[in-house]
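A short worksheet on the structure shown next.
Throughout, protein chains are lettered first and strands after them, A, B, ... in sequence-line order, and every chain is numbered starting at 1. Keep in mind that this is a model prediction, so the values were computed, not measured.
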Amino acid sequence: MSHHHEEDHLHRLRHSAAHVMAQAVLEKFPTGKVAIGPPIEYGFYYDFDLPRALTPEDLEEIEARMREIIAEGHDFVYQEIDEAAARQLFADQPFKLELIDGILSAGTDEYGEPLDEAPKLSIYKSGAFVDLCRGPHVENSKEIPPKAVKLLNVAGAYWRGDEKRPMLQRIYGTAWESPKELRQYLEWRAEVEKRDHRKLIKDLDLISFHPEAGPGLAYWHPKGGRMRIVIEDYWRKLHLQGGYDIVFTPHIGRAELWQTSGHLNFYKDSMYSPMDIEGQDYYIKPMNCPFHIMMYKSDIRSYRDLPLRWAELGTVYRYERSGTLHGLMRVRGFTQDDAHIFCTPEQIESEILRVLDFSINLLGGFGFKEFKVALSVRDPKKLDKYAGANEMWEQAEVSLLSALEARRLPYERMEGEAVFYGPKIDLHIKDVLGRTWQLTTIQFDFNLPERFDMTFVGEDGKEHRPYMVHRALLGSIERFFGVLVEHYAGAFPVWLSPVQAVLIPIADRHLDYARDLADRFRAAGLRVEVDASGDRMQAKIRKAQLEKVPYMLVVGDQEAEAGQVNLRRRDGGQGGAMAVDAFIAMAQEAVGEKRDL
RNA sequence: GCCCACGUAGCUCAGACGGAAGAGCACACCCUUGGUAAGGGUGUGGUCAUGGGUUCGAUUCCCAUCGUGGGCUCCA
């Protein structure tokens, strides 16, 4: 993520706003120490070491002072200085001194990244604030629209992101070219908050968490369960059509297995303590791969058997630090839509293309059509830290690249981002609010086939090492579900809705008719409920509306007599009176076409 | 795990210099049987997260623990 060479005006404006904020903070806390303060995607932040914790009132005060500083109209003045002058200038700013050391000796910039050009120290002065900074900035503080700046929150952040170093206070702010853009951004944030899956899964009675029974563990209620079944059934259908076999493996395995796989060496921090079974240590699985490999090795494999594509909705448990848990997006137990592809070197290119197409098709079914792709490859400077032969890495990379190019998918090449055992591509889907979520990962593994001594017999009668590709497309069912909830704001397309239609009898005498209809609809494969409460019709409609049920079917005297239902859709649209069969056909069509309504 | 904030009924939230716990929604019952987003009444429901401490007295103050939230780090 190289965000700091941006030169456009908005970035300069935000960077300058960060300086103005630092000035305001230092005025309030003259003994405060400043760390770094860059522009970021929607604004800026600055990290401080202050004598006390900041309060929301402090933020208001600082923000008010920022507006005054902006109005004072300070020029941002750039100046290059030598080391001695810099050290003197920042004598009481230890973080800045450390940055100076970094720039001069290690040749790294203020973010700790390597510098291309010769080390050069520069400062920016604006008003009473001087910062070690290479800019760029706006010319004058008046370029920052005072009413388009807002401080958002305070959070802890480690100096240089290192948890062994001091915890600083980070103030996040946002800044825009105009108050209107600020308002739009704040509205966007409000929309994000409204769609928060943690709120919606509770309101819609889909999933709950029970911290007292263990944090980070999801409980799928009946309505969440219905949706999960729909998701999984669709997943299974596509996998079977797509040439996968579906397998099931245990949840625990002996220590020896995890020793062989290397997990006890490299992944132990994420694994739970072992349990003792008849004197043997067993671990609950954090991954499914070793089990699939056991199955692979249960027989002699011929090149004629390959490729093998084994998929499993495998539930794994991983230790995540308590502070990192976050609703469904980060949990301690989750089900991966995992699969492993074992194939020959000749097959690898077509297999990669196949899995890429498969993934795009699967995600498309859920309404995700836009992707960002990251191709993670080796760090060319550290080729020795990777497992697997050089030519395997090269072939793997070619196969990933050519698949992306065959489908004309723009991608970002991330050098050094590959895991030690193989290169990978990750798909980030874009949701309706423009946010991206990493779900899909398609990953080569040059390590496990080696460790488990996996082989297949080739045409030549000799043993060869198969290629192994690990892939998870939805990622985890839990996270994917959370993304779905936020993407649709809980108003799911008909095929996913836990309740597709609610029958709303106008008076109690219409209950029998409503129940008869419910049976007919269920027989036709629809998920329906009858609202048999004592509420009035209007209240029943309101309730169904809040539950975001796609179809509300009002039945009263007229409908019962004519064998009809009176349709109201979730979007407020009136379908009017229609024959029961006509409604069934319409609903089935909406399901079949995965329509919203 | 770390920094900061927070934890009151199933949900959303009031509350008190430390002196007998409140509302709305939900739920139950009764009345109302209604035509496209809330009809009315009555009632049930809380060890004020847990455990210590200070105090005549703690839901309120202090400490610890657990959990949640905003971030950092890490990641499906």
Please pick, from rC4(B), rG70(B), rU73(B), the nucleotide with the shortest atom-to-atom distance to any side-chain atom of A53(A). rC4(B)
Pairing residues for K28(A) by the side chain to side chain contact (heavy atoms under 4.5 Å, CB included) criterion, not counting sequence neighbours: R52(A), D58(A), E61(A), I62(A)
Look at the side chain of R321(A) and decide which nucleotide, out of rU68(B), rA76(B), rU73(B), has an atom nearest to it. rU73(B)
Residue matched to rU73(B) through Watson-Crick or wobble contacts both under 3.5 angstrom: none
To the side chain of P215(A), which of rG67(B), rA76(B), rU73(B) is closest? rG67(B)
Watson-Crick or G-U wobble partner of rU42(B), both distances under 3.5 Å: rA28(B)
G-U wobble or Watson-Crick pairing nucleotide for rG22(B) (cut-off 3.5 Å, both distances): rC13(B)
Using the C1' atom in both, what is the distance from rG41(B) to rC48(B), to the nearest Å? 30 Å
Sole residue of K199(A), R435(A), R198(A), K194(A) in salt bridge (charged side-chain N to carboxylate O under 4.0 Å, His left out) with E486(A): R435(A)
Euclidean distance, atom CD of residue Q538(A) to atom C1' of rU33(B) [Å, nearest integer]: 12 Å
Give one of base, sugar-phosphate or nothing for H510(A), where a contact means two heavy atoms less than 4.0 Å apart. nothing
Answer with base, sugar-phosphate or nothing: what part of the nucleic acid does Q558(A) contact at a heavy-atom distance below 4.0 Å? base
Within the structure, does a side-chain N or O atom of Y172(A) lie under 4.0 Å from either OP1 or OP2 of rC72(B)? yes
Do other residues, nucleotides or ligands put more than 12 heavy atoms under 6.0 Å from K372(A) NZ? no
If rG67(B) has a Watson-Crick or G-U wobble mate with both distances under 3.5 Å, name it; if not, just say none. rC6(B)
Is there a Watson-Crick or G-U wobble partner for rG57(B) with both distances under 3.5 Å, and which nucleotide is it? none
Please state how far atom CG in L152(A) lies from atom C1' in rA5(B), giving the value in whole angstrom units. 16 Å
Counting distance alone, no hydrogens or angles: does the base of rG1(B) have a donor or acceptor under 3.5 Å from a partner atom on the side chain of E320(A)? no
How close or far is atom P of rG1(B) from atom CG of D162(A), stated in whole angstroms? 18 Å
Can you pull out the residues from residues 186-211 of chain A that lie within a 4.0 Å heavy-atom distance of RNA chain B? R198(A), K202(A), P211(A)
Classify the nucleic acid contact of A472(A) as base, sugar-phosphate or nothing, counting any heavy atom under 4.0 Å across all strands shown. nothing
Can you identify which nucleotide, out of rG71(B), rA76(B), rC4(B), has its nearest atom closest to the R479(A) side chain? rA76(B)
Might you work through the ring pair (Phe, Tyr, Trp, His ring centres under 6.0 Å) test for Y551(A) and F583(A), ending with a clear yes or no? CA-CA 10 Å; Y551(A) 303 126; F583(A) 170 73; 5.4 Å; yes
Contacts of D269(A) meeting side chain to side chain contact (heavy atoms under 4.5 Å, CB included) (sequence neighbours excluded), chain-then-number -> none
Gap between atoms CD1 and P, on I504(A) and rA37(B) respectively (whole Å): 10 Å
Ring of Y45(A), cation from R170(A) - is the NZ or CZ under 6.0 Å from the centre and inside 45° of the axis? yes
Between L325(A) and S322(A), name the one whose nearest nucleotide on RNA chain B is closer to the 5' end. S322(A)
Of K543(A) and Q574(A), the one whose closest RNA chain B nucleotide lies more 5': K543(A)
So Y219(A) and H210(A), would you call those rings parallel, tilted or perpendicular, with 30° and 60° as cut-offs? perpendicular
Under 6.0 Å from the ring centre and within 45 degrees of the ring axis: does the NZ or CZ of K285(A) meet both conditions for the six-membered ring of F291(A)? yes
In whole Å, what separates the C1' atom of rC4(B) from that of rU50(B)? 22 Å
Rounded to whole Å, the CG-C1' distance (D58(A) to rC4(B)) equals 12 Å
Which whole-number value in Å describes the distance from W159(A) CH2 to rC3(B) P? 19 Å
